[in-house]
Amino acid sequence: MQTLPPDFYARPVLEVARELIGCVVEYVPGDGSPTSGVIVETEAYHECEPACHAFAGLTPRTRTLFGPPGRAYVYRSYGIHALFNAVCEPEGVGAAVLIRALEPLDGIEQMYARRGMSGNGAVREQDLCSGPGKLTQALGIELSDNGGDLHEGPVRIRPRAPTWCEPNVVGGTRIGITKAVELRWRFCVAGNRHVSRPRPLAMASPPD
DNA sequence: CATGGGATTGACT
DNA sequence: GTCAATCCCATGC
């Protein structure tokens, strides 16, 4: 099965963010079962705007962002979560697509095992990967995956499945940021139950 | 070297 | 609706 080549990512980050919708993230950890899911939500980040880590320039933290396209940029958020991005644009330009939600495909039982229980109630399937911190936990992606080649793995991204050739994509503003909040650089599959909250205004909220 | 701030989540009022 | 958990790293002295 093929994976997306580096050339796919060496383009304007907004294009890549739209076209990654419907593609498949697959992760085979060294000691665990493979898991995968269809990308249903992304956000674009680019060095030209202050919400992007690369806005601060080349530092140890942003080294991966300025490196070759088609690599994984994984960083720790709020001291707790690992967030997974695909590095885009030509080498030397700091830009990436944040993968915000997946529709689980393979290894769903493994995802339940990694996500465990939330308080008193069991996690629902549409909540397994409905957020950038949730999906890395469900797949087992860790900080050590930062800089990994998305073409070679262990984190891989595969082209759109036939049933996802023309996903209906809606845009909105990005989530959880305090700078450049007006940019509508978030992309979601319209009506998909696995998209994270809050849903874009343009998106009719599917039932729980 | 000390400090402060998150591209979040889950629990709780 | 509010809030704490928790750690990497950027910044400033």
Side-chain angles (χ1 to χ4, degrees), chain A residues 9 12-14 16-18 20-21 25 37 39-67 69 71-89 93-102 104 111-148 150 155 157 171-188 193-200 205 208:
Chain A
Y9 304 93
V13 68
L14 284 171
V16 181
R18 278 187 164 277
L20 277 176
I21 297 289
V25 177
I39 299 173
V40 296
E41 178 180 354
T42 61
E43 283 178 2
Y45 289 87
H46 188 278
E47 63 180 33
C48 69
E49 44 90 15
C52 182
H53 294 163
F55 185 74
L58 181 58
T59 67
R61 183 193 200 189
T62 61
R63 190 177 66 82
T64 306
L65 275 175
F66 286 96
R71 305 290 180 91
Y73 171 54
V74 184
Y75 71 96
R76 185 162 308 288
S77 174
Y78 291 94
I80 301 174
H81 308 285
L83 267 53
F84 166 55
N85 302 250
V87 176
C88 296
E89 308 260 353
V93 178
V97 173
L98 171 67
I99 309 301
R100 282 195 60 89
L102 304 176
M111 293 186 190
Y112 275 110
R114 291 211 184 89
R115 293 270 292 127
M117 297 297 198
S118 74
N120 300 319
V123 177
R124 301 173 301 176
E125 199 208 270
Q126 70 257 35
D127 293 327
L128 279 176
C129 299
S130 59
K134 296 177 184 178
L135 71 90
T136 55
Q137 183 185 16
L139 270 60
I141 296 175
E142 301 170 3
L143 290 194
S144 58
D145 293 303
N146 183 46
L150 296 173
V155 184
I157 303 185
T173 55
R174 296 177 292 182
I175 302 302
I177 55 172
T178 58
K179 302 163 195 162
V181 295
E182 73 285 354
L183 297 178
R184 299 174 61 83
W185 285 10
R186 181 192 189 197
F187 303 98
C188 303
R193 301 156 68 86
H194 299 78
V195 168
S196 72
R197 309 294 186 108
R199 268 50 181 277
S205 290
D208 291 330

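Below, chains carry the letters A, B, ... as their sequence lines are ordered, and counting in each starts from 1.
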*asked:* Any donor-acceptor pair under 3.5 Å linking the side-chain atoms of Arg114(A) with those of Gln137(A)?
replied: no
*Taking only the side-chain nitrogens and oxygens of Lys179(A), find out if one of them lies under 4.0 Å from OP1 or OP2 of dA7(B).*
no
*Could you pull out all residues at least two apart from Thr173(A) that satisfy side chain to side chain donor-acceptor pair (under 3.5 Å)?*
none
*asked:* Here's a test of your reading of the structure: between Ile80(A) and Leu143(A), which maps to the more 5' nucleotide of DNA chain C?
replied: Ile80(A)
*Can you figure out which of dA7(B), dT9(B), dG6(B) approaches the side chain of Tyr78(A) most closely?*
dG6(B)
*How many Å lie between NE2 on His81(A) and P on dC8(C), as a whole number?*
14 Å
Under 3.5 Å, which protein N or O atoms sit close to an N or O of nucleotides 10-13 of chain C? Give each pair with its distance.
from, atom 1, to, atom 2, distance (Å)
dA10(C), OP1, Thr59(A), OG1, 2.6
dA10(C), OP1, Arg61(A), N, 3.0

*Given side chains that start at C-beta, do those of Tyr75(A) and Leu65(A) come closer than 4.5 Å, heavy atoms only?*
no
*asked:* From the set dA7(B), dT8(B), dG10(B), return the single nucleotide nearest to any side-chain atom of Arg115(A).
replied: dG10(B)
*Only counting residues at least two apart or in another chain, list the ones meeting side chain to side chain donor-acceptor pair (under 3.5 Å) with Tyr73(A).*
His53(A)
*Is a side-chain N or O of Arg76(A) found less than 3.5 angstrom from the main chain of Ile80(A), in a donor-acceptor match?*
yes
*Using heavy atoms to find the nearest nucleotide of DNA chain B for Asp127(A) and Thr178(A) separately, return the residue whose nucleotide is more 5′.*
Thr178(A)
*Side chains of Glu47(A) and Val93(A): closer than 4.5 Å at any heavy-atom pair?*
yes
*When the distance from CZ of Arg63(A) to P of dC8(C) is rounded to whole Å, what number comes out?*
17 Å
*asked:* Please convert DNA chain C into dot-bracket. A pair counts if it is Watson-Crick or G-U wobble with both distances under 3.5 Å; crossing pairs go in [ ] and bases paired with another strand get |.
replied: |||||.||||||.
*Does OP1 or OP2 of dT8(B) have a side-chain N or O of Arg100(A) closer than 4.0 Å?*
yes
_Nucleotide dT9(B), atom C1' - distance to CG of Leu83(A) in whole Å_ = 11 Å
*Side chains of Leu150(A) and Tyr9(A) in contact at under 4.5 Å (non-hydrogen atoms)*: yes
*What is the distance, rounded to the nearest whole Å, between atom CD1 of Ile175(A) and atom P of dG6(B)?*
16 Å
_Without decimals, in angstroms, what is the distance between Gln137(A) CD and dG10(B) P?_
7 Å
*asked:* Can you measure His53(A) atom NE2 to dG6(B) atom P for me and round it to whole angstrom units?
replied: 10 Å
*CD1 of Ile177(A) versus P of dG5(B): gap in Å, rounded?*
18 Å
*For atom CG of Leu128(A) and atom P of dT9(B), their distance in whole Å*: 13 Å
_Among residues at least two apart in sequence or on other chains, which ones pass side chain to side chain donor-acceptor pair (under 3.5 Å) with Arg174(A)?_
Glu49(A)
*asked:* Using 0.5 Å steps for rounding, measure from the CZ atom of Phe84(A) to the CG atom of Leu139(A).
replied: 9.0 Å
*Quick one: list whatever passes side chain to side chain donor-acceptor pair (under 3.5 Å) with Ser196(A), sequence neighbours left out.*
Glu41(A), Arg100(A), Arg186(A)
*Tyr75(A) (side chain) and dA7(B) (base): donor-acceptor pair under 3.5 Å*: yes
